[in-house]
Amino acid sequence: MEEDRPRATILNVNDTPSVLYLTGRILTNAGYHVVEASSGKEALRLATGRPDMVLLDVHMPDIDGYEVCRRLRDQEETRDLLIAHLSAVSVRREDRLRGLAQGADAYWTTPLEDDELLANIEALLRLQARTQSAVSARDEFLSIAAHELRTPITALRLNLERLVHHLSRAPGDLIARGTVEASTTPALRQLVRLQQLLDTLLDISRVGSRKLRLHIEMFDLSEAARDMAQRLAMPARAAGVTLSLTLPERPTLILGDRLRLEQVISNLLTNAFRYGDAKPVLLEVEAQAEVLTLSVRDQGVGIAKEDQTRIFNRFERAAAASGTDGLGLGLFIAREIVSAHGGTLTVESEPGHGSRFLVTLPRHRTEAY
Ligand SMILES: Nc1ncnc2c1ncn2[C@@H]1O[C@H](COP(=O)(O)OP(=O)(O)OP(=O)(O)O)[C@@H](O)[C@H]1O
Ligand SMILES: [Mg+2]
């Protein structure tokens, strides 16, 4: 066992004192924390202390192992316990199958060499650790997402409340256009933000379950870049950024999912506006023999070396980003989309001197989408 891992607790259940003792010693020597029970009843009681695993003898005089297992699965607090039956090889095949059918996670027959028993336990615990870490990643995701959704919802609500307030006090049902606009314009902006957040959340569940379907067509990447630059002119202005474009004269045709690649451009540009320190941003498309490249260069805060890999992971944001809003998902999704096209998304950056994000896409992809 690794030294720095907290010791797992194993509930060792057996009504034969010598077996209970021997198994207990193997486990203790291997570094586990062991709790012992010599009957089914005692096992049920001790299991509520939530051990990491229950090693459960099958034949016991009071309540047999199968029944103990069934009852543990029936109770909310012990439902997810890791349970392995341990029994003599003389047990019939049907009974072993019954054990698994009634909810055990493993069925091991003795005699079992010490190292084999320990290896089996380790493997089951590893499996459980993987499941638990997936569950906590999901919980963390939910909490970040809920937090992000709350900000625009609160602002939206305040704006609408203000409008209702003005309406209720408007003399003779008349309300000045400026007053209406002062509430509805930001409300609309908050709705757009909510919609973007929800779209991102949907994407993330698609990417996570590998359901990101590409709709492949032939299109001009430069044209898509020009399109996106136009569509994002407003946010660029709002960020105080001058956006310029450098595009090849000839069309840069590519087979790919136009909407998805536009999303990549949009994510990179939005980042450049957000972290670009109100300095000029350059969007460039270049055609090379085998690949097309698209890059977004800003002159903003830049990204520290140690953060340059991390920011492409789910939810990861560099320290300099604290205080600005965002789920930390844009680059993750962008890289997934680019990889699905057989391309790469990389970054070069120096803190204080801006960043350059580079998308490289194969022009003639041979693999099927
Ligand atoms: N152009 C950039 N300059 C400096 N830092 C950047 C730049 N682009 C991204 N980053 C850093 O990388 C992090 C991850 O970016 P990403 O786009 O994945 O998330 P986000 O912009 O924080 O949120 P989201 O895109 O989900 O709204 C950002 O939080 C920021 O710290
Ligand atoms: Mg982003």
Side-chain angles (χ1 to χ4, degrees), residues 137 140-153 155 189-208 212 225 228-229 231-232 235-236 238-244 260-284 293-340 344-359:
E140 185 188 79
F141 175 80
L142 282 175
S143 112
I144 295 176
H147 182 81
E148 284 296 319
L149 289 171
R150 210 171 143 185
T151 313
I153 285 181
R189 213 172 39 234
Q190 281 126 18
L191 271 177
V192 170
R193 176 75 190 134
L194 274 173
Q195 193 162 23
Q196 282 169 347
L197 284 168
L198 285 176
D199 286 345
T200 310
L201 290 178
L202 270 179
D203 273 351
I204 211 72
S205 71
R206 287 200 191 106
V207 169
L212 191 72
M228 286 317 290
R231 273 193 264 166
L232 292 174
V241 163
T242 323
L243 174 61
S244 42
R260 286 295 181 187
L261 288 172
E262 283 181 355
Q263 190 182 358
V264 172
I265 303 173
S266 160
N267 284 355
L268 295 180
L269 285 178
T270 312
N271 281 350
F273 303 159
R274 209 183 256 168
Y275 310 109
D277 212 10
K279 303 214 178 91
V281 169
L282 174 66
L283 170 61
E284 190 170 14
T293 62
L294 179 142
S295 67
V296 174
R297 182 196 289 276
D298 67 64
Q299 299 169 33
V301 291
I303 303 156
K305 260 256 139 7
E306 64 268 23
D307 291 335
Q308 288 179 13
T309 311
R310 198 166 59 78
I311 50 168
F312 290 96
N313 296 342
R314 236 181 261 224
F315 314 128
E316 294 283 7
R317 314 183 58 210
S322 63
T324 50
D325 52 12
L327 287 170
L329 289 174
L331 287 177
F332 171 73
I333 293 174
R335 185 176 260 182
E336 290 291 319
I337 294 173
V338 173
S339 318
T344 56
L345 168 59
T346 53
V347 64
E348 297 157 12
S349 175
E350 220 181 293
H353 296 280
S355 317
R356 177 171 180 258
F357 284 85
L358 178 68
V359 177

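Because the structure is a prediction, the values reported are computed rather than measured. Ligands are counted one by one from 1 in listed order, and the atoms in each one are counted from 1 as well.
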If we ignore hydrogens and angles and just use 3.5 Å, is the side chain of R335 paired with the main-chain N or O of L345 as donor and acceptor?
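A pair under 3.5 Å: yes.
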
Report yes or no: does T242 contribute a side-chain atom to a donor-acceptor pair with the main-chain N or O of P280 at less than 3.5 Å?
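The answer is no, because no donor-acceptor pair under 3.5 Å joins these two groups.
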
Is there a polar contact, in the sense of an N or O pair closer than 3.5 Å, between L329 and ligand 1?
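In this structure, L329 places an N or O atom under 3.5 Å from an N or O of ligand 1.
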
Looking only at distances, please establish whether an N/O atom of ligand 1 is found under 3.5 Å from an N/O atom of R274.
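Right, the criterion is met.
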
With side chains defined as the heavy atoms from C-beta onward, is the minimum distance between L329 and R314 less than 4.5 Å?
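Counting from C-beta outward, L329 and R314 do come under 4.5 Å.
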
Number the atoms of ligand 1 from 1 as they appear, then name those within less than 4.0 Å of a heavy atom of [X], with their elements.
X	value
G328	18 (O), 19 (O), 20 (P), 22 (O), 23 (O), 24 (P), 26 (O)
F357	1 (N), 2 (C), 7 (C), 8 (N)
G302	4 (C)
L331	9 (C), 12 (O), 14 (C), 15 (O), 16 (P), 17 (O), 18 (O)

Has [X] got any heavy atom lying under 4.0 angstrom from an atom of ligand 1?
X	result
F312	no
T200	no
V301	yes
S355	yes

The Mg ion (ligand 2) neighbourhood, protein N/O/S only, threshold under 2.8 Å:
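Within the sphere that stays under 2.8 Å of the Mg ion (ligand 2), the protein atoms of type N, O or S are N271 OD1.
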
Pairs involving residues 262-271, ordered by first then second residue, that meet side-chain hydrogen bond (donor to acceptor under 3.5 Å, both in side chains) (sequence neighbours left out)
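For residues 262-271: D203-Q263, R231-E262, R258-E262, R260-Q263.
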
